[in-house]
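For the numbers below, each heavy atom of this structure counts, side chains included, while hydrogens, waters and symmetry mates do not. Below, chains carry the letters A, B, ... as their sequence lines are ordered, and counting in each starts from 1.
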Amino acid sequence: MSHPYDPSSIEAKWQKRWEEAGIYKTDLKKKAKDPYYSMVMFPYPSGDKLHVGHWYNFAPADSFVRFQRMHGKETFCPMGFDAFGLPAENYAIKTGVHPDASTRKNVETMITQLKRIGCMYDWDKMVNTSTPEYYRWTQWLFLQMYKHELAYRKEASVNWCPSCQTVLANEQAQDGTCDRCGTTVVQKPLTQWFWKIKQYAEKLLKNLDDLDWPEKTKTMQRNWIGRSEGAEVEFGIQNSEFGITVFTTRPDTLFGATYLVLAPEHPLVEKITTKEQQKAVAAYLDTVKKKTEMQRTDLTKEKTGVPTGASAINPATHEQIPVWIADYVLPTYGTGAVMGVPGHEERDYDFANTYKELRGSIRCVIAPDRKSADFSEHAYPGAEGTDQEIYEKILGGEQCWTGPGMLVNSDFLDGLSVPDAKKKITAWLEDEDAGREKITYRLRDWLVSRQRYWGAPIPIVYDPEGNPHPVPEKHLPWLLPTDVEFKPTGKSPLYYSKEFRERTEKIFGKGWTPEFDTMDTFVCSSFYYLMYLQSEGHGMKLKIENGKLKMNSIIDPHVEKSWMPVSLYIGGPEHACMHLIYARFVMMALQDFGFVSHDEPFKKLVHQGLVTHKGAKMSKSKGNVVSPDSFIDRHGSDVFRMYLMFMGPFTDGGDWNDMGIKGIDRFVARMYRLFEKKLNKGNKGVKGSKGLSAASMTKLHATIKKVGDDIAIFHFNTAISALMSLLNELEKEESIPVDALQTIAKLLAPLAPHLAEELWEMSGGTGMVIDQHWPAFDPKLLKNDTMTIVIQVNGKLRGEITVGAKTAKEEIIAMAKKEENVSKFLMEGQTKKEIYVPGKLVSFVVG
RNA sequence: GCCAUGGUGGCGGAAUGGUAUACGCGCGCGACUCAAAAUCGCGUUCCCGUAAGGGAUUGAGGGUUCAAGUCCCUCCCAUGGCACCA
């Protein structure tokens, strides 16, 4: 028999009908009764086109929204393109093709590919971040941040290849060398723009509690934000006007601080380094420039550092302690300076073991076993006269104890617990004006400057004195110039645009210059959920007229109120920290600026699993990208998307392998044949459930329940296996009533939308199956009048009995004991215990 | 290194602390066919056994429990992220 189901014609037919009927268009202005805004993370229009990973994300997301729609939700599913970014620029450097041209072409191809999935996208709402209609709002966002003092300039290091004379992305500078020429990459400081995301750290952390997001993602974000409670402590410097402020989470160990360490980048380094140490410090700074942050913080590597020659005063002990620099201290965290407590902090312990002069030494009053202490000098004869090598301040039982314990050798803190000592020393520091309570976050302010071409220009101009000024809103979009140099020159590409400079001087006056940096692409993707909702004035379809757009707010407040937050956002777990924190920050800021009514953009978040190929994430550089196109040609969209869903749990992903696609192909063909066969047998028009055996009826209703329950929790794989199992049953049936077949078409509608429409039509359904209501199951049909009880002896399965559903416990146990294979094992010893789990099992324990 | 996730037959995987291996792929045998493909039927975790049945088994080791893939501890391996790939 030839394949009865021809996906290419049938899928094209339904895609055309859906489009003609406009059933996926959403009128955002009309008040929605029960809105459901579903978003997937928009793709980057890469030259690799749409790959299997995109399908793995988009198709199940579509199935889920179809399921919602069949439950009466008014759904909105937009799609767009995250079109600015590095790959298009690198492609331009290599081939000379303008990023705008290559991006447009890729977008076009991907739209064609996307349409073949058959998703419910409302293409009228499409966005493309690289169009002036879009980046006008990226720039508007920058101006809002600037206006509200959330944007500022600061020096920050970039990866610099001295040979290529260009800034490198981290990806291009792995293992510290330039991926084009192999030269050692150095850290070069540049003045760049930052956004104050840290100001929202507490809110970003707190709001997580109420979000319907995966727990692991929330944990990762909490760790990323990295809130630490502690104190700042001021250390004076001997013979100097300067002081060093350190942040510590362990102010209780202040009496054990035997040295201070500054980050090599700390501004005080050059001010306090003594003449004798200048050479050593300069040499050290040189080596640091060549290290990545990960190399610097690697706990397994031996720590390095050099003394500055300066001494600080420990405010608690009034002792002089040396000030060093070491690269394990990062300038971006805390105050960029730490106190070294070798007795109770592992990094400090390691460091002081490398540089023994930092250990400090005092006569101890701790017992040799470190389990107890006495505050009288000679309490422990064994310890008398011994000099502890490491200052020890808390009793814990081992050197470098970081756990809880009692404070010793710490003057007025002696005898206190760690939490009490923290409180007392912090209060003391405040009294002495030598410190204060402080909360620090690991989260850093967002560096938004990029020394690249293919991004949204930062809407800032500089006056002849070099002071920044915002570009007034009426000049937006502040167009990206086209007369630029892509090849690396040591400057941002926009630097060479004559038009850009002339434009600036013409508008602002002679001697004024534009900002040459563009914005991080994460800025573009931090508010696109609002851009989909913009009901006028943007998008590929609309041109800018007279260089102006009417709206001065990013979104119509009524539309925002009814459609935000996004009901469901689906995307990869690789975005757990960066994109998903930036987007939340921007939404919060926009609420504070008064443009939106909500503070969180994504109500529910789900991560699809990662689809790998040959064990690794698909990427052009690894050459393991799999295109779905040939599979769609051969099997059609429905088979392919169901295969992806059948691979395993949606949130797991997996390694790509086309071996099993045949199984889904067979399933679809068999389902189609079942409809053909049963409908041709003259069953058309038969109503009611007559003709279906009781067992099949039960199976049908159990399947309705299972498919619904499973789709609701993204277990598409088991939903499909339930339908397969149902099909296996029904194929044995003589005849199947039409309404049972129509129920099956409805169950298939979210998972195989084209096939389901076809089957719905074949079985005489009116309208489209996607507009039908999800079928209900009859709970009465699911109840069994018998139950199977398994019998265990000492945890091992020894038999099974089938009894009536209402059989009493005692009766079941008695029956279990009589089972031949059970009684045999019960003879072996005394029955110590009998456990009955209702409806499930009997367990005997024999001694 | 740090943060997070995962590890179950030949393969993808299923399993509210209660029958481990559902469903599918693959494979084997059979039917149909001149033959093959397709389709249909039966079987299929591993070991012993004709069978009945027994034993082992969820990355490794330990623990809690009448009962552990599931909970706890230690370890191994793989993957994602680590702030300029998106």
Side-chain angles (χ1 to χ4, degrees), chain A residues 1-3 41-44 46 82 84-87 90 158-159 167-173 197 214-217 219-224 226 293-301 332 442-452 520-522 524-525 572-579 581-582 607 609-610 612 615-617 619-621 643 646-649 651-655 657 659-664 666-667 669-670 673 715 717-718 720-725 728 731 788-797 799-800 821 832-835 837 839-846:
Chain A
M1 198 193 290
S2 66
H3 202 303
M41 289 183 186
F42 62 170
Y44 175 77
S46 128
D82 191 10
F84 274 137
L86 196 58
N90 286 339
V158 294
N159 297 314
V167 174
L168 298 175
N170 286 342
E171 197 186 44
Q172 301 170 299
I197 189 171
E215 226 21 77
K216 63 164 185 171
T217 309
T219 305
M220 274 194 271
Q221 288 213 352
R222 286 186 188 110
N223 292 337
W224 186 265
E293 199 176 290
M294 233 180 285
Q295 288 168 330
R296 285 173 60 164
T297 52
D298 192 330
L299 291 175
T300 55
K301 298 246 166 73
T332 47
R442 210 183 66 94
L443 182 71
R444 298 178 202 162
D445 275 343
W446 182 3
L447 170 60
V448 297
S449 298
R450 294 295 181 271
Q451 296 71 43
R452 308 204 181 279
D520 179 7
T521 52
F522 277 124
C524 309
S525 57
E574 67 272 24
H575 292 289
C577 286
M578 304 180 68
H579 162 63
I581 285 189
Y582 294 144
H607 294 302
L610 194 73
T612 56
K617 188 178 166 182
S619 76
K620 205 170 194 170
S621 56
Y643 177 58
F646 192 61
M647 261 171 66
T651 50
D652 278 12
D655 204 53
N657 176 347
M659 287 255 292
I661 199 163
K662 218 174 179 180
I664 302 293
R666 282 181 190 145
F667 169 67
R670 279 167 61 199
R673 270 204 298 270
H715 288 190
N717 55 332
T718 47
I720 293 169
S721 72
L723 285 165
M724 286 174 168
S725 186
N728 290 343
E731 277 177 335
T788 306
I789 305 290
V790 299
I791 306 151
Q792 294 182 345
V793 181
N794 283 349
K796 283 202 187 292
L797 182 70
E800 135 184 345
N821 202 43
K832 282 185 185 164
K833 218 170 188 180
E834 297 171 357
I835 294 150
V837 181
K840 290 255 166 73
L841 61 72
V842 176
S843 181
F844 296 110
V845 185
V846 181

> For the atom pair CD (A:Q221) and CD1 (A:I581), what is the distance rounded to the nearest 0.5 Å?
Replying inline: 4.0 Å

>> Among residues at least two apart in sequence or on other chains, which ones pass side chain to side chain contact (heavy atoms under 4.5 Å, CB included) with A:M724?
In response: A:F646, A:I664, A:F667, A:I720

> Does B:A86 have a Watson-Crick or wobble mate here (both distances under 3.5 Å), and if so which one?
Replying inline: none

> Salt-bridged, A:R444 to A:E293, with N to O below 4.0 Å?
Replying inline: yes

> Considering only the P atoms, how many Å lie between B:A83 and B:G13, rounded to the nearest integer?
Replying inline: 30 Å

> Using the P atom in both, what is the distance from B:G12 to B:C3, to the nearest Å?
Replying inline: 30 Å

>> List the residues meeting ring pair (Phe, Tyr, Trp, His ring centres under 6.0 Å) with A:F522, not counting sequence neighbours, and say none if there are none.
In response: A:Y582

> Once you round it to whole Å, what is the distance between P of B:C3 and CD1 of A:I581?
Replying inline: 16 Å

> Watson-Crick or G-U wobble partner for B:C27, using a 3.5 Å limit on both distances?
Replying inline: B:G43

> Can you name the residues that form a side chain to side chain donor-acceptor pair (under 3.5 Å) with A:S725, not counting sequence neighbours?
Replying inline: A:K699

>> Using atom C1' in both nucleotides, what's the gap between B:G17 and B:U58 to the nearest angstrom?
In response: 15 Å

> Roughly how far, to the nearest 0.5 Å, is the OG1 atom of A:T521 from the CZ atom of A:R450?
Replying inline: 7.0 Å

> Rounded to the Å, how far apart are A:L841 CG and B:G17 C1'?
Replying inline: 11 Å

>> Restricting to side chain to side chain donor-acceptor pair (under 3.5 Å), what partner residues turn up for A:N728, sequence neighbours left out?
In response: A:R670

>> Does the structure show a Watson-Crick or G-U wobble partner for B:A22, both distances under 3.5 Å? Name it, or say none.
In response: none

> Along nucleotides 77-86 of chain B, 5' to 3', which nucleotides get a B, which get an S, and which get a -, given that the test is a protein heavy-atom distance under 4.0 Å?
Replying inline: --SSSBBBBB

> At under 4.0 Å, does any side-chain N or O of A:R666 touch on OP1 or OP2 of B:C25?
Replying inline: yes

>> Does B:C40 have its OP1 or OP2 closer than 4.0 Å to a side-chain nitrogen or oxygen of A:R670?
In response: yes

> For nucleotides 5-15 of chain B, read 5' to 3', which letter fits each nucleotide if B means a protein heavy atom sits under 4.0 Å from the base, S means only the sugar-phosphate is that close, and - means neither?
Replying inline: S------BSS-

>> Between B:U65 and B:C71, how far apart are the two C1' atoms, rounded to whole Å?
In response: 10 Å

> Which nucleotide, in any strand shown, forms a Watson-Crick or G-U wobble pair with B:G9, with both distances under 3.5 Å?
Replying inline: none

>> Quick check on B:G24: is either OP1 or OP2 less than 4.0 Å from any side-chain nitrogen or oxygen of A:N728?
In response: yes

Sub-3.5 Å pairs of nitrogen or oxygen atoms, protein against nucleotides 65-69 of chain B:
residue, atom, partner, partner atom, Å
B:C66, OP1, A:K833, NZ, 3.2
B:C66, O2, A:S843, OG, 3.2

>> Going by side chain to side chain contact (heavy atoms under 4.5 Å, CB included), name the residues that satisfy it together with A:N821, two or more places apart in sequence or in a different chain.
In response: A:R798, A:K824, A:F825

>> At less than 4.0 Å, is any side-chain N or O atom of A:R673 found next to OP1 or OP2 of B:A38? Yes or no.
In response: no

>> Just confirming the chi classification of B:G26, syn or anti, using 90° around 0 as the syn window.
In response: anti

>> Please find the pair of heavy atoms, one from A:W446 and one from A:D520, that lie closest to each other, and give the distance.
In response: NE1-OD2, 3.0 Å

> Looking only at atom C1', what distance separates B:A67 and B:A20, rounded to whole Å?
Replying inline: 13 Å

> Contact class for A:K662 vs. all strands (heavy atom < 4.0 Å): base, sugar-phosphate, or nothing?
Replying inline: sugar-phosphate

> Can you give one letter per nucleotide of nucleotides 47-57 of chain B, 5' to 3': B if a protein heavy atom sits under 4.0 Å from the base, S if only from the sugar-phosphate, - if neither?
Replying inline: ------SSSS-

> Using purine N1 to pyrimidine N3 plus N6-O4 or O6-N4 for Watson-Crick, or N1-O2 and O6-N3 for G-U wobble, each under 3.5 Å, what pairs with B:C2?
Replying inline: B:G81

>> What I want to check is whether the side chains of A:D82 and A:S525 have a donor and an acceptor closer together than 3.5 Å.
In response: no

> For A:T217, what residues pass the side chain to side chain contact (heavy atoms under 4.5 Å, CB included) criterion, not counting sequence neighbours?
Replying inline: A:W213, A:P214, A:A576, A:L605, A:H607

>> Between B:G54 and B:G6, how many Å separate the two P atoms, rounded to a whole number?
In response: 36 Å

> According to the Watson-Crick and G-U wobble definitions, with both distances under 3.5 Å, which nucleotide is paired to B:U74?
Replying inline: B:A60

>> Can you check the distance between B:A68 and B:U57, where both ends of the measurement are the P atom (answer in whole Å)?
In response: 11 Å

> Just how far, in rounded Å, is C1' of B:G1 from CZ of A:R296?
Replying inline: 15 Å

>> When both hydrogen-bonding distances must be under 3.5 Å and the geometry is Watson-Crick or G-U wobble, what is B:A35 paired with, if anything?
In response: none

> What is the distance from atom NZ of A:K832 to atom CG of A:N794, rounded to the nearest 0.5 Å?
Replying inline: 8.5 Å

> When the P atoms of B:G69 and B:U8 are considered, how many whole Å apart are they?
Replying inline: 14 Å

>> Using the side chain to side chain contact (heavy atoms under 4.5 Å, CB included) criterion, which residues pair with A:R296? Sequence neighbours excluded.
In response: A:P264, A:E265, A:V288, A:K291, A:D327, A:L330, A:P331

>> So does A:G609 get a backbone contact from the side chain of A:D652, meaning a donor-acceptor N/O pair under 3.5 Å?
In response: no

> Residues in ring pair (Phe, Tyr, Trp, His ring centres under 6.0 Å) with A:H575, at least two apart?
Replying inline: A:H579

> Hey, are the side chains of A:E574 and A:L610 touching, using non-hydrogen atoms and a 4.5 Å cut-off?
Replying inline: yes

